[in-house]
Amino acid sequence: MRRKRSSVMTPQEQLALLSGDAIVVETEDQLLEKLKSGRPLRIKYGADPSAPDLHLGHSVPIRKLRRFQDLGHQIIFIIGDFTARIGDPSGRTKTRPMLSPEQIEQNAKTYAEQVDLILDIDKCEIVYNSAWLAPLGSAGLFELASHYTVARMLERDDFSKRLEKETPISLVELLYPLIQAYDSVAIKADVEIGGTDQTFNFLMARDIMRAYDLPPQVVMTWDLLVGTDGREKMSKSVGNYIGIAEPAQEMYGKLMSIPDDAMGQYYRLLLDKTTEEEAELMADIAAGKLHPKGAKSALAKEVVACYHDPQAAEAAAAEFERVFAEGKLPSDIPEVAVPPDKLDAEGRIWIIDLITTAGFASSNGAARRFVRQGAVRLNDEPITDETLAVQVRGGEVLKVGKRRIAKLVVS
RNA sequence: GGAGGGGUGCCCGAGUGGCCAAAGGGAGCAGACUGUAAAUCUGCCGGCUGAUGCCUUCCGAGGUUCGAAUCCUCGCCCCUCCA
């Protein structure tokens, strides 16, 4: 996995390394030209200051940035503080809350800390787009808007779909791509990278840059990582995400829960494999050469090792086998306190009350359902009587479903 | 400015006076099974109630009615077409 330094890598080699797994490169020729210049290229990446908790979906473009950085290019993170302050009334994400400068500052800081897990943040330039968007003023904005037409704007897939489906499109949304494009002008970007959902915006920036007499940026996009459900793109609001700062155990477990079909994409996007390598992996599994579980486990371990270390990954895998394949209790069980006043004179507590007290059910009704469905065990004894009062002295192990386990403590 | 359509549970979406705690799908959860927290199948999926009912829900506020998600009035919000 050792890479040659950029000084000894030819522009052609760099190109192959950088674009081997990209979906869109507009255009390879222009990228090659820029690489041939020998100067460090300015790589633009727009960071969303409203999402400080990074997940593996975010990690994909950041990993690509890392490759550029390793080759000696300059990464520029643009914090969209200007746009965040305006808020985003985009239809599907409800109205994004407006953020105060303090919140943005805080988010940017946590963002940088997490990005640092993947690349060297100290070598990156971090800029706020309010720096050039605020002074732009309405005159500047009008000039900017004069370089594009509504018809071309509506070509964007998202807009045309929403127009068709009769969901609202606010006027500022139409302005967003324009403003984003202007960011490229302001920082004189050579390359902009991101998810395929940004393709339109990135391409439009090329037009806008030309309008401002700048050479157009090269656009590179990668497909969006699907979430653990294997269907929708990974996102916090959908709840199908794996955070890059999550504990190894959690990360491994979530990776094991992705559908088999999603393995290929994870393999390519999270471990920097080429499309060919992805196809090979999937073919081997289909042909029976590779066991799907083994492949998934290997994948999960590698990904976990990126954010923790190989030992932690191995431990997580071993623990997973123990708990889910062998059905044993986890080696490390969190403790849950049962307040003494919940217990009656004989030191007993109603099982339903115990489950909700432990935080395993959001309501008594939910707790009853668990009991009825045979999901509850106390010291490995199945509990099926929802009227039962159980003795609690401390040390008992309460299990509700496969993943909710706690050791009871009276205090 | 004119005309019309619409706001239902986490999401989508039926329901147009009682049979509605509200169809169906998705998500989620549980059980079985397995190769995993995959897939598949089955069940659950507002709250309270140590099981019998009770309570609070269908944008908001009023009203009609024995009875309203369903009808009326006034708000708020969204969409389409014409201008």
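Chain identifiers are assigned alphabetically (A, B, ...) following the order of the sequence lines, protein sequences preceding nucleic acid strands; residue numbering begins at 1 within each chain. Basis for what follows: all heavy atoms, side chains included, without hydrogens, waters or symmetry-related copies.
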Can you pull the side-chain hydrogen bond (donor to acceptor under 3.5 Å, both in side chains) pairs that have at least one residue in residues 395-411 of chain A, sequence neighbours excluded?
->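 Only E250(A)-R403(A) qualify under side-chain hydrogen bond (donor to acceptor under 3.5 Å, both in side chains).
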
In plain terms, say whether D207(A) and R210(A) are close enough for a salt bridge, that is, a side-chain N and a carboxylate O under 4.0 Å apart.
->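 Yes, charged N to carboxylate O under 4.0 Å.
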
Side-chain ion pair, K301(A) and E314(A), N-O less than 4.0 Å =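 Here K301(A) pairs with E314(A) in a salt bridge, since their nearest N and O are under 4.0 Å apart.
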
Can you tell which of [options] lies closest to the side chain of [X]?
X	options	answer
M256(A)	rA38(B), rC33(B), rU36(B)	rU36(B)
K296(A)	rA37(B), rG50(B), rA38(B)	rA38(B)
A389(A)	rG50(B), rG35(B), rA38(B)	rG50(B)

How many whole angstroms separate atom [atom1] of [X] from atom [atom2] of [N]?
X	N	atom1	atom2	answer
K399(A)	rG31(B)	NZ	P	8 Å
L299(A)	rU36(B)	CG	P	17 Å
F320(A)	rU34(B)	CZ	C1'	12 Å

Looking for any heavy atom pair under 4.0 Å, which part of the strands does P292(A) touch: base, sugar-phosphate only, or nothing?
->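 The answer is base, as P292(A) lies within the cut-off (heavy atoms under 4.0 Å) of a base atom.
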
What are the two closest heavy atoms between V336(A) and A358(A), and how far apart are they?
->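 Taking every non-hydrogen atom into account, CG1-CA, 3.7 Å.
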
Can you sort out which residues in residues 357-375 of chain A have a heavy atom within less than 4.0 Å of RNA chain B? Ascending by number, please.
->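 Those residues whose heavy atoms fall under 4.0 Å from RNA chain B, taken from residues 357-375 of chain A in numerical order, are S363(A), N364(A), G365(A), R368(A), R369(A), F370(A), Q373(A), G374(A), A375(A).
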
Report yes if a side-chain nitrogen or oxygen of R403(A) is closer than 4.0 Å to either non-bridging phosphate oxygen (OP1 or OP2) of rA30(B); otherwise report no.
->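 No, because none of the side-chain N or O atoms of R403(A) sits under 4.0 Å from OP1 or OP2 of rA30(B).
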
Measure the shortest side-chain to side-chain distance between I78(A) and Y128(A) over non-hydrogen atoms and say whether it is less than 4.5 angstrom.
->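 No, side chains not in contact.
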
Heavy-atom donor-acceptor pair, D385(A) side-chain to rG50(B) base, under 3.5 Å =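 Answer is no: no donor-acceptor pair is held.
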
Rounded P spacing from rG62(B) to rU56(B) in Å =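 Roughly 15 Å separates the two P atoms.
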
